[in-house]
Amino acid sequence: MSGTFTVINPATAQPIREIGRATVEDVDAVVARAVRAQRTWAGLAPVARADALRRFARVVEDHVEELAQLEVLNSGHPIESARWEASHVAQVLNFSSGAPERLSGLQIPVAGGLDVTFHEPYGVVGIIVPWNFPMTIASWGFAPALAAGNAVVIKPAELTPLTAMRLGDLALEAGLPDGLFTVVTGSGSVVGQRFVSHPDVRKVVFTGSTEVGTDVAAGCARNLKPVTLELGGKSANIVFDDADLELAAASAPGAVFDNAGQDCCARSRILVQRSVYDRFLELLEPAVAEWKVGDPALESTQMGPLISASHRSTVASFLDDADVAFRGSAPEGDGFWFAPTVVLAQPSDRLAQEEVFGPVVAVLPFDDEADGIRLANDTAYGLAGSIWTENLGRAVRVSRAVKSGVLSVNSHSSVRYSTPFGGMKASGLGRELGPDAAEHFTETKNVFFATDAS
Ligand code: TXE
């Protein structure tokens, strides 16, 4: 270790703990242990790996409250959200535990023999995690990677390492072999970059900014290493004039202000058909006013603080020259508080194009279906989105035309462990979760067995 960094409670701005900064040599030692552990792990019977993951899921289930409280402390997530996140980790593990016994290959008809394919694990997988959903995003990488027979090395974000570190303890408590699941704390430029350059880390999973993700992908390309990227978003919530406007307006704050807008799937642009634009804003205003921002330890709280003082400055900078329509409320005093804000925007505005990653939503009008689709696709990103309409044909047409990886009609849901998740365009490469999650952590091997005597 080389020095430490301080973890801060974002709701109070008070320090919580000092955490060690790993060096390149530390990472290399962890990867060497992971290589050994992976050989043993991959050699176990599939049912033994499935059982081990089920045990891990149960241990996480038994610690949901502890993990949730830790996330409240370290990330400022409202307690009810944090409980959902901790339970979700157990569910992702549970879902993944079905994979070791179901990673079937093919038997392909060929002349002169038998041809079969195997899904071979990569070996060691490096997982680089951001600060916005520290537990859940880590689990989307580690659970299917382990299920496919890999070892994992996990680098949490410097701001939010505590739940990942605790999951590392729980993995050992559940009986996973030493070295199979290791959390390495430190900076992205040292630990994250070493995952990219280390010859024994054979796949990298990165979630974070598009800028750093592009750099990680370039490094992986130089090492001929596959990479999954989950990056930024500027997702559209498209409200047509035939929608249930009351429901669309009542649910819009949750779709963008959940986790204080620090969500890659945040519906941070609301596109409203011009004929119902004024009515929609009238309905949205009380819904934003009622959005409860405050102490994340309270069960009634819907939104906590932003993650850091510097992030709050970045978010605030988006309001320079913005046409603010109305704002909700936020506590005063210590902590990185920011009131939910609704802004009227033009398509070319920074607020309509760039990811704010804070509780700021841009509302823009559109004329008709074609115009709505054009506007929805008018950013570099393509992660999520919602379509509000009572017209089934329109729902189908628009959901096929919007270039995003994860869409929902008359709802804002994005994440289920059993369905694929990931972005198009600048929002990423590859998919996580869903039925194929474990297979994405394997390479296909083809073997031909000659049956004809030669
Ligand atoms: O992300 P970074 P930051 C967006 C969001 C946010 C902005 C900056 O707009 O405001 O990015 O957030 C590690 N090689 N998103 O600065 O820097 C880093 O240590 C390898 C959107 O936190 O991309 C951390 O573990 N790794 C996104 C992780 O990468 C490196 C979620 C993400 O950090 C590295 C997060 C390097 N050179 C931020 N540099 C989403 N949409 O979900 C840093 N890291």
Side-chain angles (χ1 to χ4, degrees), residues 5 7 10 19 21-22 24 27 75 126-138 140-141 153-161 163-165 183-198 201 204-220 222-223 225 227-235 256 258-268 306-318 336 338 350-351 353-360 379-384 404-406 414-415 421-429 432:
F5 56 96
V7 177
I19 303 289
R21 262 180 208 288
V24 167
V27 178
S75 304
I127 301 169
I128 302 172
V129 183
W131 48 259
N132 59 330
F133 288 104
M135 278 186 273
T136 53
I137 290 175
W140 300 355
V153 289
I154 301 162
K155 194 208 91 63
E158 293 96 307
L159 292 167
T160 58
T163 46
M165 292 168 71
V183 176
V184 194
T185 55
S187 71
S189 56
V190 175
V191 179
Q193 275 304 308
R194 190 56 185 148
F195 288 2
V196 171
S197 67
H198 197 299
V201 176
V204 170
V205 177
F206 173 87
T207 306
S209 60
T210 299
E211 190 187 2
V212 174
T214 305
D215 189 49
V216 165
C220 286
R222 274 192 296 277
N223 290 281
K225 194 177 287 196
V227 61
T228 301
L229 301 172
E230 299 291 358
L231 308 173
K234 192 72 203 176
S235 298
V256 59
D258 190 53
N259 200 21
Q262 302 166 126
D263 182 340
C264 45
C265 296
R267 273 57 166 183
S268 55
L306 290 169
I307 193 66
S308 67
S310 81
H311 187 54
R312 182 171 59 178
S313 307
T314 308
V315 171
S317 75
F318 276 89
F336 312 124
F338 200 91
R350 199 179 155 217
L351 262 166
Q353 295 291 330
E354 293 179 24
E355 183 173 52
V356 180
F357 228 50
V360 180
T379 78
Y381 296 110
L383 185 51
S404 287
V406 191
S414 299
V415 171
F421 177 87
M424 297 178 175
K425 296 154 68 183
S427 290
L429 273 184
E432 299 187 291

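Note that ligands are numbered from 1 as they come in the structure, with each ligand's atoms numbered from 1 the same way. Since the structure is predicted, the reported quantities are computational estimates derived from the model, not experimental observations. Throughout, residue positions are numbered sequentially from 1 according to the sequence presented.
Residues Trp140 and Thr207 form no side-chain contact, since every pair of their non-hydrogen atoms from C-beta on lies 4.5 Å or further apart. Counting heavy atoms from C-beta on, the side chains of Thr210 and Tyr381 come closer than 4.5 Å. Counting only heavy atoms from C-beta outward, the side chains of Glu355 and Ser427 never approach each other to under 4.5 Å. In this structure, Val184 and Arg194 have side chains that are not in contact, with every pair of non-hydrogen atoms separated by 4.5 Å or more. Side-chain contact between Lys234 and Val356: present, with at least one pair of heavy atoms (C-beta onward) separated by less than 4.5 Å. Residues His311 and Phe336 fail the side-chain proximity criterion, which asks for heavy atoms closer than 4.5 Å. At least one side-chain heavy atom of Asp263 sits under 4.5 Å from a side-chain heavy atom of Phe133. Put simply, the side chain of Pro10 does not reach to within 4.5 Å of the side chain of Leu306, judged on heavy atoms.
Annotation for ligand 1: atoms under 4.0 Å from non-hydrogen atoms of Val216 are 14 (N), 20 (C). Within ligand 1, the atoms closer than 4.0 Å to a non-hydrogen atom of Gly232 are 41 (N), numbered from 1 in the order shown. With ligand atoms numbered from 1 in the order given, ligand 1 contributes 24 (C), 25 (O), 28 (C) to contacts under 4.0 Å with heavy atoms of Val129. Taking every non-hydrogen atom of Val212 and a distance limit under 4.0 Å, the qualifying atoms of ligand 1 come out as 17 (O), 23 (O), 30 (C), 34 (C), 36 (C), 39 (N), 43 (C), 44 (N). Every atom of ligand 1 with a heavy atom of Thr207 under 4.0 Å away is listed here by number and element: 32 (C). Close contacts between ligand 1 and Pro130 involve ligand atoms 31 (C), 35 (C) [criterion: under 4.0 Å to a heavy atom]. Taking every non-hydrogen atom of Leu231 and a distance limit under 4.0 Å, the qualifying atoms of ligand 1 come out as 40 (C), 41 (N). In the vicinity of Gly192, heavy-atom distances shorter than 4.0 Å reach the ligand 1 atoms 20 (C), 26 (N).
Here the shortest heavy-atom pairing between Lys225 and His198 reads NZ-O, 2.8 Å. A pairwise comparison of heavy atoms in Cys264 and Asn132 identifies N-ND2, 4.0 Å as the closest pair. Between Val360 and Val315, the shortest heavy-atom contact is CG2-CG1, 4.0 Å.
Remark: minimum distance from atom 20 (C) of ligand 1 to any protein heavy atom is reached at Gly188 O, 3.3 Å. In this structure, atom 41 (N) of ligand 1 lies nearest to the protein heavy atom Cys264 CB, 2.8 Å. Shortest contact from atom 7 (C) of ligand 1 to any protein heavy atom: Ser209 CB, 4.0 Å. In terms of protein heavy-atom proximity, atom 4 (C) of ligand 1 is nearest to Glu355 OE1, 3.5 Å. Considering only non-hydrogen protein atoms, atom 37 (N) of ligand 1 sits nearest to Gln193 NE2, 3.4 Å. Summary of contacts: the protein heavy atom closest to atom 6 (C) of ligand 1 is Phe357 CD2, 3.6 Å.
Per-atom contact check: atom 12 (O) of ligand 1 touches the protein, criterion being a heavy-atom distance below 4.0 Å. Taking a distance limit of 4.0 Å, we find that atom 16 (O) of ligand 1 is approached by no protein heavy atom.
For the pair Arg21 and Phe5, the cation-pi criterion (under 6.0 Å, within 45° of the ring axis) is not fulfilled.
Take Val256 and apply the side-chain contact (heavy atoms from CB on, under 4.5 Å) test, not counting sequence neighbours, and it matches Ala266, Ser268, Val361. Under the ring-ring contact (aromatic ring centres under 6.0 Å, His included) criterion, Phe357 pairs with Trp131, sequence neighbours left out.
Using a 4.0 Å cut-off between heavy atoms, His311 contacts ligand 1 through its side chain alone, with no backbone atom that close. Neither the backbone nor the side chain of Val196 has any atom closer than 4.0 Å to an atom of ligand 1 (non-hydrogen atoms only). Contacts with ligand 1 closer than 4.0 Å are made by no heavy atom of Glu211, backbone or side chain. Contacts between Phe206 and ligand 1, counted as non-hydrogen atom pairs separated by less than 4.0 Å, involve the side chain only. Only the side chain of Trp131 comes within contact range of ligand 1, with a heavy atom under 4.0 Å; no backbone atom does.
In terms of N/O distances under 3.5 Å, ligand 1 is approached by Lys155. For the pair Ser189 and ligand 1, the shortest N or O to N or O distance does not fall below 3.5 Å. Residue Glu158 has at least one nitrogen or oxygen atom sitting less than 3.5 Å from a nitrogen or oxygen atom of ligand 1, judged on distance alone.
Atom CG of Asn223 is separated from atom OG of Ser197 by 6.5 Å, given to the nearest 0.5 angstrom.
The option with the heavy atom closest to atom 27 (C) of ligand 1, from among Gly186, Gly261, Gly208, is Gly208.
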